[in-house]
Amino acid sequence: MHKRVFLNAVALAIASLSSTAVLADGNSFKIGLILPMTGQQASTGRQIEAAARLYMAQNGDTVAGKKIELIVKDDTTVPDMTKRLAQELVVNDKVNVLAGFGITPSALATAPIATQSKTPQVVMAAATSSITEASPYIVRTSFTLPQASVSLADWAPKNGIKKVVTLVSDYGPGIDAEKFFKERLIFNGGQVVESLRVPLRGPDFAPFLQKVRDLKPDALFVFVPSGAGAAVMKQFLERGMDKAGIKLIGTGDITDDDQLNDMGDGALGVVTSHHYSTYHPSAVNKKFVEAFQKANKGMRPNFMAVGGYDGMRVIYEALKVTKGNGGGDALLAAMKGQIFESPRGPMFIDAQTRDVVQNIYLRKVERKDGQLYNVEFDVIKDVKDPGKAR
Ligand code: DHB
């Protein structure tokens, strides 16, 4: 009996506490940022969190009279965890926006929660084409693998690369990269003689690379997620693939700016296609890189950082337009059609698809000022996701 009275008192106390919290909440705007801060994709989380905090430091934490509250959660690169965290953020914290999503399965696992709760879900990293179709509340500020892969398949045959082996991580973005690269290369008169897939978790590239050596293609096209590129590069060089006359090409995920500078001279000359390079020669990017490095002990921002930075901008601008009124639907409407100059170059959020339209650059690894960079040498302007056109 006594116990029950005590429990009731506790329940009352909690109820009054949380009602005060709700009152205080009236003037705050909460962003639930779910990222892989540990586990295989931890570099993605580190980059995006740093970029989101930089954006807030530069633009203030009060927008349209609302105090911005950033709640960062670590999903440990486990999609079930992403989903559970999203649920808690929506139900308990009453976040206005869900953001982050380091890998495709995490973004997809969260989509039903965004739909049911009418909460905008800003995908800052994951890049499988179909993600934006999983919920009408998803807006993407990263890129898509078809965007990057098609542009490289247009470049390759014009540059002596006709016979290619593809090697991708065996999940959404890898399968997109393989499919769109292959289709376009064949269309352009080239051929893909073998398509290899490696597991996402703890891949061993050695047996696959041996196979590639035996096949003697002009080039090996690779997609692995951010953070895994250095291992591919190391084994590619250790096996003397370059000396056997096989070129390494791929989407810019393999020459990730977060790791590139440590890959060594073996990376020199590798051509990739992507939407962002730390070396992108614009005033907006130079300012971004300088501020990012200053705030993060010299850490180089990579394409994940720029997805996080631009995602915060999309959220801030939508809040300015709606002044925090109208809930998730109004916010989402204000995200659609945004157009601005990002550190990556011009970008806009296609109002129909809620996906990013942006330039794709061809880049070559070069040493500049003593450091390795992806140096842009060509640009394909305003590329829509080719995955949406079918
Ligand atoms: C995805 C993850 C990455 O790290 C990347 O570079 C590209 C795509 C993804 O899971 O969608």
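Everything quoted here is computed from the prediction, not taken from an experiment. We number each residue from 1, following the sequence as shown. Atoms within a ligand are numbered from 1 in the order they appear, just like the ligands themselves.
- The aromatic rings of Phe221 and Phe181 lie parallel to each other, with less than 30° between the two planes, well short of the 60° mark.
- Annotation: ligand 1 has protein neighbours Gln41, Gly102, Ile103, Thr104, Ala126, Ala127, Thr128, Tyr171, Pro173, Phe223, Pro225, Ser226, Asp253, Phe303, Met304, each with a heavy atom less than 4.0 angstrom from the ligand.
- Scored by the side chain to side chain donor-acceptor pair (under 3.5 Å) test, Arg344 finds Asp310, Ser342, Gln358 as partners (sequence neighbours excluded).
- Side-chain contact of Ser195 with Thr166: a donor-acceptor pair under 3.5 Å is present, judged by distance alone.
- Cation-pi geometry between Arg140 and Phe101 is not met at under 6.0 angstrom from the ring centre and within 45 degrees of the axis.
- Using bins of under 30°, 30° to 60° and over 60° for the plane-to-plane angle, the ring pair Phe303/Phe143 lands in the perpendicular bin.
- For Thr353 and Lys384, the side-chain atoms include no donor-acceptor pair closer than 3.5 Å.
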